Each structure stands twice: as C-alpha cells, then as structure tokens.
Colleague: 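Before anything else, here's the structure in question.
Each residue takes its place number in the sequence, starting with 1. Since the model is a prediction, treat every value here as computed from it, not as a measurement. Computed from heavy atoms alone, side chains included, the values below leave out hydrogens, waters and symmetry copies.
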Amino acid sequence: MSRWLVPLIVVPALLGGRASAQERVDLEKHFPGLVEAFDSVYTSLYRFDDFWALDGKSLRADKLAEWQAKWRAEKERAEGEIEKLRADPGRHLDFRMRIRLQRHHYFRDRFKRDEFRVVYDYPPFVIYVQEPQTEKVTYSDADVRRYGEWLQLLEETFRVDYAAPLGLEQHHEVPGYSFFLLDGRSEYDEYGEQLEEVGLHLARAHYDAGYRIAVTYQDREQKAQESDEMHAAMHEAVHALQHAYHVRAREKFEKGLPTPAWFNEGFAEFYAYRIRADHHGEHTVPRSSIGTLESFVRSAGEPGAACILPLRVLTELATYNDAKAKFLEMLESRGSTSRSADSLLGLLYRQSDLWMHYLHDGEGGKYRPAVQGYVKALLNGRTNEEALAAGFGDIPLSEVDAGFLDFLAANRLGEQALERIRKTRADLKGEGVIAADASGTFGGTGGAVFELDAELTLAAALHLAREGKFSAAHACLRDFKEAGELEARLARETERLADMVALRKDFLESLKRSGKKLSVEVDGEKLTAAVKVVEDDRVELGRNSLEYDEIEPDDVDGLSLAKCMRDAKSGYDAPWLSAYPYVLAGERKAWRKILARGPSGAAALEEDAEDDYKARLKLAPMAGAMHAVIRNDDPQSARAARYTLNLIADLRDVFGREPAVRSRSEGLRNVATNAAEVLYGRGYLSDHVHGEREENDDGTVRLFYAFDDPVEARDLVDHRGNVEGKVEGGSFRVTGNVTLRHVLDFEGPVEVTCNLKVPSGASVRLGVCDDRDDAYAGFSDTGALEAVDPSRHLARKSKALEWPRNRTVKVALRLADAELSAEVDGAPAASVDKVPLESGTVHLFVDAERPVELADLEIRGTVSAAFWDRARAAFVQEKLESLGF
C-alpha cells in the first residue's frame, strides 16, 4: 500500500472514534435520586431493574440521555404514587406495615397467600381480618364493625381524657394502628409458637411492640362472653396507644414502653374496663381482679397478704421479672410454698389494675392529678422516686395505702382476706409491704447505706433552702428523728421552712387574684408570667417567653422570689420571712434592712444570721451533696443509677478530702456498687451485642445478624478479641485460618441458623457450643457432627454429611437435652446424642483461601449465668475504679 494512502485511512478512523465516544454509567451521578429511592421504604413502587443493569456500563452520550429521560419519567410516576399513598392514611399505614412484616415468621407467608381482608373504615385503625382456609364461618361485617367502633371509642377516650391533659403527642412514626383478627384459636396458637412469646398461650390477645401490631382471634370453641373477648382486645390496643404517645422524652421511636410494668398493665386494664363500661354499663371496678386477689390471699394465707404491696414498692417494679422476683422473695421469706411464674405475674396484673382504678376514681378522683403528675414526670426522664415526689408531693403515701385497703373493702374484697392483710400489716411493719410507712419524700425502700448526723442534716436542709427548695428542705428536717442537743435548733428551722412554704403559696395566690405577674429566675433564666393555678406541687403559668406551661414551686430561686415579694409592682411586702432568702444568700445589708422594722420573729432570725448560719452554711454544699446521694441511694432504673453514680463522683471530686466524706467511704462504695449493678442490669444485652436482639421474660434471647452494617462483625471475634472478617454485600466473609467465637456464652438449649456458602477446598466448622479451649459441639472439618470434651475423655460423632460447595446452604444446628442435631436446607441431616457439653459459645472455624460467606445468622438460647456474673463483676469494678474506690 502506498504511504500516501495512510492519512485517508487514519483520519476517518479518528473521526469515527470521536463520534462514538462513550461514558461509564454512574448511578448516583447520572440518575439522581435512584439510589436514595432504592434505599427508601417505597422501593417497591419503583421499576429499577433496567436502570440497575446499567451500572458500570459504557454508553454513548445520546443513549445515556435517553436512559436519563426514562428515569425522570419513572421517578415522576413513582413519586406520584407515593403522594397518592400518603394522602390516604389507612393505605399508607398498610403499605408500611406490610414492609415491616416481611420478616415476621407468622405473617410473611400468610400475606403471600393473601389470607387477610383489609378494612379501612375505622381510622386511625386498619383492621386485618383473616379469612378461613376451610368452610368455617368467618368474621361477619357486624363482628368487624363491633371491633372497629370499640377501637375508635377507645382511641378518642385515651386521646381526650389522658393524652391531652398530660400534653402528650402521638409520635410522627405512628400515623395509625394495625389490628389483626385471626381465624380461631389454632391460628393464634401458631402465631404464638412462631413468635416464641412466653405466656402467650394464657392470653386472649397480644400486642407486639417490635412490629407495632395488636392481635386477637375469633373464639369459636369456647364461646366466651362478648365483653370478655373485647376486653382482652382493648387491653392490647391500649398498649399500642401507650407506645405511640409515651415517647415525650425520647429522641427516637423505640420498641418497648417507657413506663414501668405495673403502670403499663394497670393502665391498660383500667382503660379496657372504661370502654367496656361505656358499652355495657358495668361497674368500673373489675370483679375479676377483686376475686383473683381474694383467692390468692386466701390460698396463700398471711404470706399472700404480704404481697399486697404499698404504692411506693409497687412503682419500683420496673419490669415483669422484677415483679416475679419481688413476689417470690416475699412469699419464700414468709415460708410459703413456691408458686408458678404465671400466678405471680397474674398478681401483678390484678393488683396494678385495682391500684389504677383507685388512683383514678377512688375517693372521688382525689389522686387523679397526683398520678398524672407522676407519669408526666416519668415521661420527662425523672426517676421513680422523683416522679412520686412530683406527683404526690407532701401527700403521705401511707395515707394512700390505707385508702387503697378501704377501697378494696368497699368493693367487697372478702372479710377473711382483708383481716389477713390487716394482720400482716401489723406483723410486717417495715418489711416493704403495705404496712410500711411509705410517707418519706427521700430515700429508697432499702434505706440509706450511710447516715448524716444532726449537724450535717441541718446544713443539708439549709443548702436546699438556699436553692429555693423549701418543700424539700422542710421534708429533710421533718423526717429526721435523732435530734439530741440540736433538737431546739432543728425545731426552729423546721418551723421557719414550713412557714416559708406557706408564705410562698400565699404570695403566688395573691398574684393569681390580682392578675399581676410573677417575675423570677428559673434555671438561670428570667421568667415573667401570669399565675393561673397554684397547687402544692405545681404552678400553672400564662404565656411567657420561656414557653413554660407550669413550674414546680421549688423550681423558683428563693432570692428572686424574695425580691419579687418586695417589688412595689407586686403590692406584696412579706413579713420577716422575706428576709430569710437574703440570710441564706449572705446578703447582710438586705436582710438587716428588712429586719430593722422589727417584725415578729426578727430577733431570733437576726441572732441566727449573725452566728449560727455562718458556720452551718459553710458545711451546706458538702452536706447537700451527701444528702443528694442518700436521697438516691436505692436506684431502680438505669437513668437513676447513672444519676447516683454522677452524684458520688461529684461529691468525691469536690469534697473527697473532707473527714465527713472520708469516714463514709465504705458506705459510698456500697451505694456505688448497688447503682453500678442496676445500671448493668437494665438493657445489658445492648452493651455486648450489635445485631438485632429480643429478650423474653423467661431469660431467653434471640439475636439476628443481617450483616448489612459493619458494626455487626464485632460480635464474632478471635481469641484476642479481633474481628478477622468483613461485612460485604449482606454477608460476613472470612478467609485464612481462624476460629471466631461469639462474644456471649450460652447454655442449652441453644439453636443456630444461618445461610452458609463454602468454596471448594475450604474447611469449616460451625458450632453451637465451644468452651474457648478444646471442647466443642458442631460440624467437624470432615462434614460430620461432633461433640468433643478432652477433659472428660468423651467424644461423639455422627456420619458424614452431604455438604454442597460453592452455593448458599441454609444450616440449622440445635443442642437440647444432650442431643445435637442438624438440618441442611430444611431437611434433617444428622444427630448425636449424649453430648457432654452444656454451655459454651457459638463459633465458626475457617481454613480457606477464598471467602467463606455467612449470612442471616440467628442465635436463640439463654445467655449463661456465669457469663453475666463475670461481665457484671467487670462492669462494677470498672465503675468503682473510675470513682477512685
């Protein structure tokens, strides 16, 4: 070929290459919003397949533009469907609920089979009616209407009579409620078996806080009374409403209910009876609870009477396990025979139910504001002790307890049962039963681990008074018994504080009557507002710049209150007591000017101000810090325990060298130990594991790892505590030669299921039991089941299993009753009996050059007591060391 022809060939080639220039597709860059849409809850409304296949491909510019136009059209279409869905609350709720239930063991398959008829006629409830798969009679329209109308009345009553007065709002993640009517008892039992919910077989209905669904069934066999059938359903619906509204103090919507167990169940029973009474005109005090309580007391004798708890002790039962442990401890301490867990839980339900009726409706609703104040304080993060003080204030709780017994008598609790309770009250004075004096404002039922003498108690009261907490200061001195040589001084200060509490209330009432505004400092900020309502424990305010609806009287700084009293605009010039806050603040010029007018009591106050107060106020900060520890020495929740530990840390940091603090070091250590154990004992599972977790009342746990978050890998570590694998594409991938063990130890029965992909040439052992040394139970390297314990010279081995390579296999291992069994892809594969191991950890041994892939790992079992003992001891020791003990 002539060299002159080369340009004629090369140039067109260059031009052709430029005309066909291509660009590699980047989904995020070229299709804005596609990845976000795929990750959203609305992913099923989009048609992604064609676009997803383009990722990483090279396209000419004109073709890429065509695809981008298609995506814009698809995005616009799907967003239109989403807007239409959002405009229909019922269908929107149905759409999102079905997404949540895609992983539910019971509902997933039944939705696929289209077994449910969906009823949208009773907002905010969507009702799912399970149609029978045989010729059985199904729910009629009248049945569904009955449920729908009851549910709507319940929701309206709850919202208007309970949520509105407390200022509670429905959480934005709960636009409505899903209510399921299952097709008979057999379906409900299967639902319970799939859920593995302990005690569900004893219940008529169930609320699942994890999936936010209430479930009941049609009773064809027993033909229970309509009111009983509906009562159970309404009880669970109340839990759904509690879950939606009891989120005031939390940043995100959580699985469980934030109020304690006694309140959850008592309140649900109370409102279920309210709706039942509206429909049937029945007495609102439940005869069934009275009967159950009477039967328990009669059958258990005096120990049973001991289980009628005072309000303070009842409120400390934060969890169902707390309740069972408390009742069992009290029965056994009185020589009673053991009773079933169901019986003990039933006692909690019935007693809480009756207490809730009494607190809301007893004595003409006398205590309704108190219980509202109590629960409002709980939802704002206050401890149980603080919430009781906020709700009941100066009302002696012993008075409330006595009223409760009268309430039981008035509602025909048998005389024999009442007599046993009264006798037990006399016998068990101070043992934490209803006989105990629960009137104190401070301190847990366990009593102080160390005490303050009269000198420090008086200084602590002055510290509280200086902060404006006159009610708390008065209670501090009022409850002090050992006076000695300071008896006259303590009495004088107690009287002054009582007068100061009365004066403050009188002054606030005067502002309310005159219409003049309160102008004080609250939490370091200036507050000016009209006074609307004045009560012992709260002051309701008009509109103000701080947007405070109400404050507690003790929230007001004493000095600014005194200044407001003397302000000419207020028209209220107090007698000598207005000088009291100036004395506490050390403003000598101001209090001398006030006392110079010589009002009654001026001479005694001036004498104390010149001499006594100076010395005692120097002790006040330390005494106040010590008294705060005593007030919180028996924490019952994680929040309260954390608060107690912070109090101790502050006390030791600031006053640790003071002889009064050093001499109480052992007592402080005991308080810190108790608090650390409580802090560890609440939500402890989350301190150790990072997968999805469920805890059951019987102590069993379920852990699930989807491996869609790298943090889940932290739960499978080698002997040094290192993660030797990585999370990628929804699986945990491991190469090399390594044994990974789960961070928890389990005791049988324990079950492990997962999807496992093993490449050719790799060795794998998946085990349910490993003592972290040489004993184990699980798949062996050769593909057989093995149980080995060299220390006992024991080994059991099954035949080799068929083990497919290079494809994902669903594996299930179970160790129970000394038998190890395995399933592969749902079919029984092998088993070994007489397994010598009883506890250990789930483990994965890998020897592979290519990745072994582990996915959808689920572990069910009981975490061993030995593990919790070790973990708790380490946790407590760490906390004590951080405090310098």
Colleague: Considering only heavy atoms from C-beta outward, does the side chain of L456 approach that of M622 to under 4.5 Å?
Modeller: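 SC-SC contact between L456 and M622 confirmed.
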Colleague: Would you sort out whether V863 and F746 count as a side chain to side chain contact (heavy atoms under 4.5 Å, CB included), showing the intermediate values?
Modeller: CA-CA 4 Å; V863 182; F746 290 88; 4.1 Å; yes
Colleague: Are more than 12 heavy atoms, taken from residues, nucleotides or ligands other than E399, located less than 6.0 Å from that residue's CD atom?
Modeller: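 Above 12, so yes.
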Colleague: Got a second to check how far S352's OG is from M356's CE, nearest 0.5 Å?
Modeller: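 Answer rounded to 0.5 Å: 7.0 Å.
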Colleague: How are the rings of Y374 and W262 set relative to one another: parallel (under 30°), tilted (30 to 60°) or perpendicular (over 60°)?
Modeller: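 Judged by the thresholds at 30° and 60°, the geometry between Y374 and W262 is tilted.
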Colleague: Which value, rounded to the nearest 0.5 Å, describes the distance between L883 atom CG and K879 atom NZ?
Modeller: 8.0 Å
Colleague: Is any NZ, NE, NH1 or NH2 atom of the basic residue among E695 and R693 found under 4.0 Å from an Asp or Glu carboxylate oxygen of the other?
Modeller: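 Salt bridge flag = no for R693 with E695.
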Colleague: Just one of K469, R382, R538 clears the salt bridge (charged side-chain N to carboxylate O under 4.0 Å, His left out) bar with E552, so which one?
Modeller: R382
Colleague: Examine distances only and state if a side-chain atom of D401 and a backbone atom of L311 form a donor-acceptor pair shorter than 3.5 Å.
Modeller: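 Here the side-chain-to-backbone pair exists.
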Colleague: Side chains of N632 and Y643 only: does a donor on one sit below 3.5 Å from an acceptor on the other?
Modeller: no
Colleague: Does the pair D322 and E316 meet the rule for a side chain to side chain contact (heavy atoms under 4.5 Å, CB included), with working shown?
Modeller: CA-CA 8 Å; D322 289 344; E316 291 167 352; over 6 Å; no
Colleague: Main chain of R312, side chain of T315: is a donor-acceptor contact present, judged purely on distance under 3.5 Å?
Modeller: yes
Colleague: Find the distance between CZ (R664) and CG (L651) and round it off to the nearest 0.5 Å.
Modeller: 10.0 Å
Colleague: For A472, does its backbone N or O pair with a side-chain atom of D554 as donor and acceptor, under 3.5 Å?
Modeller: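 Flag set: sc D554 to bb A472 pair under 3.5 Å.
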Colleague: Identify the two heavy atoms, one from H627 and one from C476, that lie closest to each other, and give their separation to 0.1 Å.
Modeller: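 Closest heavy-atom pair between H627 and C476: NE2-SG, 3.4 Å.
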Colleague: Which value, rounded to the nearest 0.5 Å, describes the distance between T644 atom OG1 and N674 atom CG?
Modeller: 9.5 Å
Colleague: Tell me whether T841 contacts the main-chain N or O of H742 through its side chain, where contact means a donor paired with an acceptor under 3.5 Å.
Modeller: yes
Colleague: Cation-pi check, R652 to F885: give yes when NZ or CZ is under 6.0 Å from the six-membered ring centre and within 45° of the ring axis, no otherwise.
Modeller: yes
Colleague: Over all heavy atoms of both residues, which pair between D715 and Y705 is shortest? Give the atoms and the distance, please.
Modeller: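 Scanning both residues completely, I find the closest heavy atoms to be OD2-OH, 2.6 Å.
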Colleague: Do the two ring centres, one from H239 and one from H243, sit under 6.0 Å apart?
Modeller: no
Colleague: Looking just at side-chain N and O atoms, do H357 and E269 make a donor-acceptor pair shorter than 3.5 Å?
Modeller: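 Absent: no donor and acceptor within the cut-off.
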Colleague: Between E236 and H206, do the side chains contain a donor N or O and an acceptor N or O under 3.5 Å apart?
Modeller: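 No, because no side-chain N or O of H206 sits under 3.5 Å from a partner of the opposite role on E236.
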Colleague: I need the Q242 CD to L168 CG distance, nearest 0.5 Å.
Modeller: 11.0 Å
Colleague: Side-chain contact test, heavy atoms from C-beta onward, threshold under 4.5 Å: evaluate it for V371 versus W355 and give yes or no.
Modeller: no
Colleague: May I ask you to test the F470-P553 pair for a side-chain heavy-atom distance under 4.5 Å?
Modeller: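 Not touching, per the 4.5 Å side-chain cut-off.
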Colleague: Taking all non-hydrogen atoms of both residues, which atom of L378 and which atom of N384 are closest, and how far apart?
Modeller: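 Smallest heavy-atom distance, with atoms named: CD2-CA, 4.2 Å.
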Colleague: Any chance the rings of Y245 and Y162 have centres within less than 6.0 Å?
Modeller: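 Not under 6.0 Å, so no.
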